[in-house]
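Step one of this worksheet: look at the structure below.
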2 protein chains.
Amino acid sequence: MTQLDLTEQPEAEASKLGRKRDHTRDPEILDAALEVLAETGYDGMTIDMVAARAKAGKATMYRRWPSKSELVLDAVACMKSADIDFDRLPDTGTLRGDLIAMIKPPSIKDAETKLKIMAGLISMLTRNPELADAANAAMVEPRATVNRIFFKRAIERGEISPDCDVETLSLVTPSMAAYRVLILRKPVDRAFLISLIDGVLMPAVGIVAAARTR
Amino acid sequence: MTQLDLTEQPEAEASKLGRKRDHTRDPEILDAALEVLAETGYDGMTIDMVAARAKAGKATMYRRWPSKSELVLDAVACMKSADIDFDRLPDTGTLRGDLIAMIKPPSIKDAETKLKIMAGLISMLTRNPELADAANAAMVEPRATVNRIFFKRAIERGEISPDCDVETLSLVTPSMAAYRVLILRKPVDRAFLISLIDGVLMPAVGIVAAARTR
DNA sequence: ACTATACGGTACTGAGGAGTTTCGGATCTG
DNA sequence: CAGATCCGAAACTCCTCAGTACCGTATAGT
């Protein structure tokens, strides 16, 4: 939220007594926090690491956030899905085309970064529901939403049956990518995602291989 | 390995000088470690917690394992899949029957426990490849293996096409169950697993709903 | 009974990290 | 320039926890 307040409007009222707080360095600090989080995990992360990376003083951190957990919560909540633009989703005319169109190097990279952050947070999610909700909204929900849109479109245009379990199918790619990175510790590359689409989703939805061979 | 040495043979040679080490409490301690691990995660777990839970002294812990990380590694490596008996896998004659037969309350419970342990380990896996391998062998590989067996059987008996991507399909259930528990933090119940089988796996493999409606 | 060993308990050491305080310098206001 | 505010740096407190040392006791072998 902080990150947005800054970019949207240049500090509403700077009057009153003296001058209003800038907090102009918030975005850099939150980004630094996310980086450290991805590299070391929640428990491995220290306030000093984040401060050093953002070239900020430790005191500055505590002037702005009351505790480490609040800082992390804010960092996760402010994290913007830089990769998904809901106003400009691909629309290729076929379900497979739409799904494949989402596979782009920057998108894969972004997803991997988010999964690394997620890895560092997972053990906390149990004990911190607020953080769990923020992580869900910032990292997992957007992906599933895109898939849901694609599947619903395909149903509307009659490409696939309306009986398809859209909810479950939308979670296949996110789930299996997460499992592969977090647990199997293998990279999620284009080939893997395509094998998911052609080996699971397309067959599951009744589109046979022959129909998509050009 | 320790756990097994004990049950298999009553201390091979107890001669030499004095008497051989008992380490008879190892299993209790390792079990306690797994419990604490599931409850608090790797970083939250302390040696004192484990010792207290196993009613052991802290010194005993360090007489047996040189460090916390070695203890955890041993605990994970010794963890036995209490739920899967590879000599007595269900064989119902149909793929769907086999998959459904694996859904049993104790099996679900065991899987949930393992996922909780996994949640506490994930952030460590990156920094400790040895632990990652042990966790993989003990918790994820067995599940996938069972599914692979079922799919291969189904291919052999001609129930499904040999072109099916067995490898990927075998990972659908483990992946999506893990995602649901670890990230979505929702319970994995019978209904969810069945929706996976009937909403993803069966369709993906070309078995239509009509064919299984009794 | 005597001795050795393993164990449980407790006290200790040392390192590291959360959170606090202080201070000196930079920057803006007038 | 004078006054106020913010910030980076560093020193400091307090606490937790990994790992160690020691001791009293239970037990098993001789």
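In the text below, chain A, chain B and the rest are named by the order of the sequence lines, each starting its count at 1. All heavy atoms count here, side chains included; hydrogens, waters and symmetry mates do not. Fair warning: this is a prediction, and the values are worked out from it, not measured in the lab.
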(message) Check this for me: does any side-chain nitrogen of one of Glu156(B) and Arg153(B) sit under 4.0 Å from a carboxylate oxygen of the other?
(response) no

(message) Taking the basic N atoms (NZ, or NE/NH1/NH2) and the acidic carboxylate oxygens, is any pair closer than 4.0 Å for Arg53(A) and Glu39(A)?
(response) yes

(request) Specify the separation, in whole Å, of atom CZ of Arg64(A) and atom C1' of dG8(D). (result) 18 Å

(request) Decide yes or no, distance alone: a donor-acceptor N/O pair under 3.5 angstrom between the base of dG8(D) and the side-chain of Arg63(A). (result) yes

(message) Assess whether a salt bridge exists between Asp31(B) and Arg25(B), defined as any Lys/Arg side-chain N lying under 4.0 Å from an Asp/Glu carboxylate O.
(response) no

(request) For the residue pair Leu99(A) and Asn147(A), establish whether any side-chain heavy-atom pair is separated by less than 4.5 Å. (result) yes

(message) Just the rounded figure in Å: distance from P of dC6(D) to CE of Met61(A).
(response) 18 Å

(request) List the protein contact pattern of nucleotides 13-20 of chain C with one symbol per nucleotide (5' to 3'): B for base contact, S for sugar-phosphate-only contact, - for none; contact means a heavy-atom distance under 4.0 Å. (result) ----SBBB

(message) I need the CD-C1' distance between Glu28(B) and dA6(C), as an integer number of Å.
(response) 15 Å

(request) Using the test side-chain hydrogen bond (donor to acceptor under 3.5 Å, both in side chains), find all partners of Ser67(B) that sit at least two apart in sequence or belong to another chain. (result) Ser69(B)

(request) Let me know the distance between NZ of Lys55(A) and P of dA26(C), rounded to the nearest Å. (result) 18 Å

(message) Just to verify, what does Arg185(B) make a side-chain hydrogen bond (donor to acceptor under 3.5 Å, both in side chains) with, not counting sequence neighbours?
(response) none

